[in-house]
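Each chain gets a letter, A, B and so on, in the order the sequences are listed, and its residues count up from 1.
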Number of protein chains: 4
Amino acid sequence: MDGFQRRREQKKLDILKAALSLFLEYGIQKVSISEIAKKANVSQVTIYNYFENKHTLINEVMIYFIDTAINDFQKTVTANISFPEKIKTILFNKGEIANQIHEEFYQYLMNEYTTEGNYIEEIYVKKTIPLFTDLIKEGKEQGYVDPNTSDEAIMFYIKMLKEYIQRDDVYSKVLPLTEDITKIFFYGIMGQNIKE
Amino acid sequence: MDGFQRRREQKKLDILKAALSLFLEYGIQKVSISEIAKKANVSQVTIYNYFENKHTLINEVMIYFIDTAINDFQKTVTANISFPEKIKTILFNKGEIANQIHEEFYQYLMNEYTTEGNYIEEIYVKKTIPLFTDLIKEGKEQGYVDPNTSDEAIMFYIKMLKEYIQRDDVYSKVLPLTEDITKIFFYGIMGQNIKE
Amino acid sequence: MDGFQRRREQKKLDILKAALSLFLEYGIQKVSISEIAKKANVSQVTIYNYFENKHTLINEVMIYFIDTAINDFQKTVTANISFPEKIKTILFNKGEIANQIHEEFYQYLMNEYTTEGNYIEEIYVKKTIPLFTDLIKEGKEQGYVDPNTSDEAIMFYIKMLKEYIQRDDVYSKVLPLTEDITKIFFYGIMGQNIKE
Amino acid sequence: MDGFQRRREQKKLDILKAALSLFLEYGIQKVSISEIAKKANVSQVTIYNYFENKHTLINEVMIYFIDTAINDFQKTVTANISFPEKIKTILFNKGEIANQIHEEFYQYLMNEYTTEGNYIEEIYVKKTIPLFTDLIKEGKEQGYVDPNTSDEAIMFYIKMLKEYIQRDDVYSKVLPLTEDITKIFFYGIMGQNIKE
DNA sequence: AATGAATGAGGGTTCATTCAT
DNA sequence: GATGAATGAACCCTCATTCAT
């Protein structure tokens, strides 16, 4: 890639980052092209030189976001720490980007892209499912996960907890409950006392 | 309340219902005053006669929605069914209004709610916390809930599951997992097998 | 029609007239909604309250124009004057509206509306063809038109001459040639000399 | 002209051709500099290196077009065919370039032409008037044209017919009427019957 | 009290043109 | 001389809100 190309890519990245940060904070509909332009220090038209229209821009922001988020996730899954520590990290550690997701952004991501046959669906299935599968396999092997429970249900649980906990309006309220929530995740609301 | 008053209240209710139904389906930003007016069979100005501006209208819609949702919840909590059945109902039965909440609506609700010191938080705390407390107490008394786990954590768990499951993009995918998810909720990911 | 309706119709007419006059002078594409609004002394949005979008506005302007132009034409055809005088009037007298048609306007009219099955095509066929037929019949009966020549060809000739002569860039140049052109129309380029 | 000059001229011609073909198809206002650049395989800025601005470009395209069209016309006028055949060819044969002129292009051409004192009018007067004069002279000498009718009127008639017939929306409808129209052109609407 | 009419502000988008390399 | 990148101005259109009746 020559200098021209590199500078072009850099500017495109600037716009993507500006857009993402605004989307995450205010949602998508509330953010105007003009605001993104201002934040990225370019003119509105420059944005249109890089992205066909707002929809395309949103799309590429999504992809950029997903890629980064998956990277975060992968690091945790392959880290050299115990299974419960991985779970805690996934649930309670905010990734660099994944923190402060504006709900509308999240919703857009999900709604627009559960439509099958697009890059986001594709990359998500291709990359996260295997990571989850590995993680759960590890959990089952080490006796942390009931082998009779389907992987799907476990995945659903982890994803739900992760997303919910990391919501802006939830995170702070949940931190004091970290231990209890982890306990419920592993032992259920009945707890271990019923064993004896 | 005289006839005038009653008719006035009825019209206000019409507007609220129209607005709510549109908000739930399309989100808040996408719904214009003009559309609400059309659906409620009144002029736009009439809406302004009853509500100061769009923000006020949204707020009152929220309150109306919360009231209705809490009623649904109360019915379930005080119903004459077993504790696990109550939990399943809460988690998987869509309430009459609470089904198909457009995410943006939900997010708006939460944002308003988290801003402390407003009616929505007030009413929520006043009315749902006691219901949750009763429910959890019942669960603990009947041995379904570990007495060592804090009520807050249990509440968090129930709310999270309820909200997440009833999301439009989640509900259908989760239905086949009903049993597994309920199992995890009660016994955790470790399951009962570890007891023996 | 009550007062409200009447005022509404009047304002709509104001907008139509403003738009028409601008379209005729500058063409359609060059005229912005904002300019029409200024000329009609209303805000841009008011125009949108009366017409769905620019396309619809153009459409209604066309219809308004056609209606008026056909009225002009009908008056001439049914007037109490001789056949040659009718022809001269049609060819050289500018109707109140039909003068100074900007070519782009005319082209739009024709291109957009030779698409069959719309109001303009419909009204045109329904109203002008009979008028033309009457006119030509009169000409044939009075010996001014060769009965062996098809009505279509005569119609084509009259329309062509009328449209061409009344073009802005042509009219003034053609006026001094009125007699010659009329002569050619009746006797052809060979003239009467061939008779002897 | 050295190699540099020649290549420069070639590139300029490429741009002119690209612009002309787009103008003829879509009209002038609808065609953007960017589209012309794409079609001519040059950058937008290159166009500005050759032509001051869009207006200048349009003007030079006009001149290029006029030149070509006049060449076509000259070929017909000096061809070795009879006078009536020349007339028919002029009226009904579409020249290579002159066919399918987008009306807006034509109108622009005329507007520019009528604005006195510009190259387009100059070239037109200088080159076509003599050709027309020759043609009409030939017609008069051979008895096809009434010598008492002014050349101006004849010219007007021919130009009108040519332009009108070759309009996109007219041409196909007129073809079946070729004989009748030619007849009217030569003998007028009264036809030959008046001779007897 | 209720409404039809009207609007200022702003949004996405396009285009002719200029800047910088 | 040629180009990719950048932009100010303008356009069509929508919306929450106010005016006038």
Side-chain angles (χ1 to χ4, degrees), chain A residues 2-5 7-8 10-12 15 29-37 40-58, chain B residues 4 7-8 11-12 29-37 41-58, chain C residues 2-5 7-8 10-12 15 29-37 40-58, chain D residues 4 7-8 11-12 29-37 41-58:
Chain A
D2 60 15
F4 270 123
Q5 273 292 350
R7 229 167 308 142
R8 187 178 170 81
Q10 183 52 47
K11 186 150 260 173
K12 191 168 181 180
I15 295 173
Q29 300 182 64
K30 286 272 186 189
V31 173
S32 72
I33 297 287
S34 145
E35 285 166 318
I36 298 172
N41 277 322
V42 295
S43 94
Q44 285 197 50
V45 186
T46 296
I47 294 182
Y48 282 91
N49 287 340
Y50 286 91
F51 306 91
E52 215 172 329
N53 49 32
K54 195 182 183 184
H55 189 75
T56 309
L57 170 59
I58 294 170
Chain B
F4 271 120
R7 236 168 301 143
R8 185 177 167 80
K11 197 161 238 174
K12 192 168 178 179
Q29 301 183 65
K30 288 268 185 189
V31 173
S32 69
I33 296 286
S34 145
E35 286 167 315
I36 298 172
N41 278 322
V42 296
S43 92
Q44 295 192 46
V45 187
T46 298
I47 294 182
Y48 282 89
N49 287 338
Y50 287 95
F51 307 91
E52 210 175 334
N53 50 30
K54 196 182 183 184
H55 188 75
T56 308
L57 169 60
I58 294 170
Chain C
D2 60 13
F4 269 122
Q5 273 292 350
R7 228 166 309 141
R8 186 178 170 81
Q10 182 54 48
K11 186 150 259 172
K12 191 169 180 179
I15 296 172
Q29 300 181 66
K30 286 273 186 190
V31 174
S32 72
I33 296 287
S34 144
E35 285 166 317
I36 298 173
N41 276 322
V42 295
S43 94
Q44 286 197 51
V45 187
T46 297
I47 294 183
Y48 283 92
N49 286 341
Y50 285 91
F51 306 91
E52 216 172 328
N53 49 33
K54 195 183 183 184
H55 188 75
T56 308
L57 170 60
I58 294 170
Chain D
F4 271 121
R7 235 168 301 142
R8 185 179 167 80
K11 197 161 237 174
K12 191 168 179 179
Q29 299 183 65
K30 290 267 185 188
V31 173
S32 70
I33 296 287
S34 144
E35 286 167 315
I36 298 172
N41 278 322
V42 296
S43 92
Q44 295 194 44
V45 187
T46 300
I47 294 183
Y48 281 89
N49 288 338
Y50 287 94
F51 307 91
E52 208 175 335
N53 51 30
K54 197 184 183 184
H55 188 74
T56 308
L57 169 60
I58 293 170

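- Considering only residues two or more places apart in sequence or on other chains, Asn49(B) meets the side-chain hydrogen bond (donor to acceptor under 3.5 Å, both in side chains) condition with none of them.
- In this structure, CG of Leu57(C) is placed 13 Å from C1' of dC13(F), rounded to the nearest angstrom.
- Rounded to a whole Å, the CD1 atom of Ile33(D) is 9 Å from the C1' atom of dT17(E).
- Phe51(A) places its CZ atom 16 Å from the C1' atom of dT13(E), with the value rounded to the nearest Å.
- Rounded to an integer number of Å, the gap from OH of Tyr48(B) to P of dG4(E) is 16 Å.
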Close N or O pairs between protein and nucleotides 7-10 of chain E (under 3.5 Å):
unit_1: dT7(E); atom_1: OP2; unit_2: Ser43(C); atom_2: N; d: 2.6
unit_1: dT7(E); atom_1: OP2; unit_2: Ser43(C); atom_2: OG; d: 3.4
unit_1: dT7(E); atom_1: OP2; unit_2: Thr46(C); atom_2: OG1; d: 2.6

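- Nucleotide dT14(F) holds its P atom 14 Å from the CD1 atom of Ile47(C), rounded to whole Å.
- dA6(F) atom C1' lies 7 Å from atom NZ of Lys11(A), rounded to whole Å.
- Helical stems in DNA chain E, defined as runs of 3 or more consecutive Watson-Crick or G-U wobble pairs with donor-acceptor distances under 3.5 Å: E:2-21 with F:2-21.
- Nucleotide dG11(E) holds its P atom 17 Å from the CG atom of Asn53(A), rounded to whole Å.
- From Ile33(B), atom CD1 reaches atom OH of Tyr48(B) across 4.0 Å, with rounding to the nearest 0.5 Å.
- For the side-chain hydrogen bond (donor to acceptor under 3.5 Å, both in side chains) test, residues two or more places apart in sequence or in another chain that qualify with Lys12(C) are Glu60(C).
- Atom OH of Tyr50(D) and atom P of dT17(E) are 18 Å apart (whole Å).
- Listed by chain and number, the residues in a side-chain hydrogen bond (donor to acceptor under 3.5 Å, both in side chains) with Ser34(B) amount to none (sequence neighbours excluded).
- Applying the side chain to side chain contact (heavy atoms under 4.5 Å, CB included) criterion to Glu52(D), with sequence neighbours excluded, gives Thr56(D).
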